[in-house]
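These notes are about the structure you will find just below.
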Amino acid sequence: MSGFQPDHPHAEVRLSPNFGLRREGVKPDMIVLHYTGMETGEGAEAWLCDPASEVSSHYLVHEDGRIVQMVRESDRAWHAGKSSWRGQTDINSCSIGIEIVNPGHAFGYRSFPRRQMEAVIALCQGIAERHNVPPERVLAHSDVALGRKVDPGEKFSWRTLHEAGIGHWVAPSPRNGRREMQPGEVGNAVEELQSMLALYGYGVEITGHFDAQTTVTVQAFQRHFRTSCVDGVADASTISTLRRLLSSLEGSLD
């Protein structure tokens, strides 16, 4: 394939060779947002189109709002890596990946410009409409790749997306300094926390022990839903926000 018509209107096309068929006829019903984590957008775009990298994404959104499509939405891009959500482990087959140009934590992490956010919103709106993506399946790379990835990070405004009709979100409960649970604790309260995180979709094992995997799961949750403090401690604000997210979904996770 030498090229294709973009799925998103006005997107530029730059074909990446790093793609394949979605496995077992799976249709995309999830959007996964990333940051590029490289020093320049041009470098990231080149890397995603380099066969040596063995990585790709369906789209890349530059800081000036330009959108580049590298893989057709009908095909399987290689963006999520080892990941899981609600028991699914081949996230690449069920998702559409969007790389958002930002140097990330390694190269001077910064806020996402308004024009870039507007482009991300328009892109997500189109994808969600084309593939009937429910709000709770617009996720961060850090949500599906626990302990391995932290993007798009705590400076990404999920609230802005939600206000435009994209993604599931509630205003985080205020922090009051109360520490409900922290690493090392054991018991029924920890088991309940793990169960709530797993019910929402996170790939956390229910052990009743606030271990390392629980800590990174809480951090991932905070990075998406309670960004004022990402410390892995399940304080009252974190737990309340999680409960309210689950309540707002009502029966949609059954």
Side-chain angles (χ1 to χ4, degrees), residues 1-23 26 28 30-83 85 89-113 115-128 130-131 133 138-145 148-153 155-156 161 166:
M1 182 174 63
S2 59
F4 55 85
Q5 290 297 312
D7 294 292
H8 182 74
H10 311 302
E12 303 171 21
V13 172
R14 180 173 179 180
L15 178 65
S16 173
N18 305 328
F19 69 94
L21 297 175
R22 295 186 183 273
R23 294 175 182 169
V26 171
M30 177 189 293
I31 299 171
V32 178
L33 302 183
H34 309 248
Y35 66 40
T36 53
M38 295 180 68
E39 293 181 273
T40 69
E42 291 73 17
E45 184 177 328
W47 183 242
L48 292 164
C49 294
D50 186 342
S53 74
E54 297 187 341
V55 295
S56 64
S57 187
H58 293 88
Y59 293 97
L60 179 141
V61 182
H62 283 280
E63 289 184 301
D64 62 4
R66 287 185 300 117
I67 298 173
V68 179
Q69 184 170 3
M70 293 166 284
V71 177
R72 296 181 301 180
E73 291 179 6
S74 59
D75 288 322
R76 180 181 183 272
W78 305 343
H79 62 96
K82 184 179 180 181
S83 51
W85 190 256
T89 55
D90 184 3
I91 298 301
N92 283 338
S93 282
C94 68
S95 67
I96 291 173
I98 301 174
E99 289 278 358
I100 306 167
V101 172
N102 188 291
H105 294 80
F107 297 106
Y109 187 42
R110 56 180 177 249
S111 298
F112 297 78
R115 289 183 65 184
Q116 187 179 43
M117 288 297 297
E118 289 173 349
V120 171
I121 288 169
L123 178 57
C124 287
Q125 287 173 333
I127 293 169
R130 286 189 290 276
H131 300 284
V133 178
V138 181
L139 299 166
H141 197 192
S142 53
D143 291 322
V144 301
R148 194 173 62 82
K149 296 294 182 179
V150 297
D151 56 312
K155 292 185 178 181
F156 184 79
L161 258 68
I166 300 297

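Computed from heavy atoms alone, side chains included, the values below leave out hydrogens, waters and symmetry copies. One-based numbering along the sequence shown.
A pairwise comparison of heavy atoms in Ala119 and Ile67 identifies O-CD1, 3.8 Å as the closest pair. When all heavy atoms are compared, the tightest approach of Leu48 to Asn18 is O-ND2, 3.6 Å. Between Val26 and Ser93, the closest heavy-atom pair is CG1-O, 3.5 Å. A pairwise comparison of heavy atoms in Asn92 and Trp78 identifies ND2-CA, 3.8 Å as the closest pair. Of all non-hydrogen atoms in Ser16 and Val71, the two that sit nearest each other are CB-CG2, 4.4 Å. Shortest non-hydrogen contact noted between Ser53 and Trp47 is OG-O, 2.8 Å.
Side chain of Arg76 to backbone of Gly20: no donor-acceptor contact under 3.5 angstrom is found. Ser95 places no side-chain N or O within 3.5 Å of a backbone atom of Gly97 that could act as its donor or acceptor partner.
Here CD1 of Ile91 is found 4.0 Å from CE of Met30. Values are rounded to the nearest 0.5 Å. Interatomic distance, CZ of Phe112 versus CD of Glu118, reported as 15.0 Å (0.5 Å rounding). If you take NE2 on His10 and CD on Gln69, they are separated by 13.5 Å, rounding to the nearest 0.5 Å. Taken from CD in Glu99 to NE2 in His34, the straight-line distance is 5.5 Å, to the nearest 0.5 Å.
The shortest side-chain heavy-atom distance between Arg72 and Asp7 falls under the 4.5 Å cut-off. Side-chain contact between Glu63 and Pro113 is present, with at least one heavy-atom pair separated by less than 4.5 Å. Between Arg148 and His141, the closest side-chain pair of non-hydrogen atoms falls below 4.5 Å. Put simply, the side chain of Trp85 does not reach to within 4.5 Å of the side chain of Cys94, judged on heavy atoms. With a 4.5 Å cut-off on side-chain heavy atoms, Ile96 and Tyr59 count as touching. A heavy-atom distance below 4.5 Å is not found between the side chains of Val32 and Ile98. The shortest side-chain heavy-atom distance between Val120 and Ile100 falls under the 4.5 Å cut-off.
Paired with His62 under the rule side-chain hydrogen bond (donor to acceptor under 3.5 Å, both in side chains), one option of Glu12, Glu45, Gln116 passes, and it is Glu45.
Residues satisfying the side-chain hydrogen bond (donor to acceptor under 3.5 Å, both in side chains) test with Arg130, not counting sequence neighbours, are Glu73.
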- Ile31 and Leu139: side-chain contact (heavy atoms from CB on, under 4.5 Å), yes or no, with the steps? CA-CA 6 Å; Ile31 299 171; Leu139 299 166; over 6 Å; no
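The aromatic rings of His58 and His79 sit perpendicular to each other, their planes meeting at more than 60°, with 30° as the lower class boundary.
Applying the side-chain hydrogen bond (donor to acceptor under 3.5 Å, both in side chains) definition to pairs two or more places apart or across chains, those involving residues 35-44 are Tyr35-His105.
Using a 4.0 Å cut-off between charged side-chain N and carboxylate O, Lys149 and Asp151 make no salt bridge.
Heavy atoms of other residues, nucleotides or ligands lying less than 6.0 angstrom from NZ of Lys82 number 12 at most.
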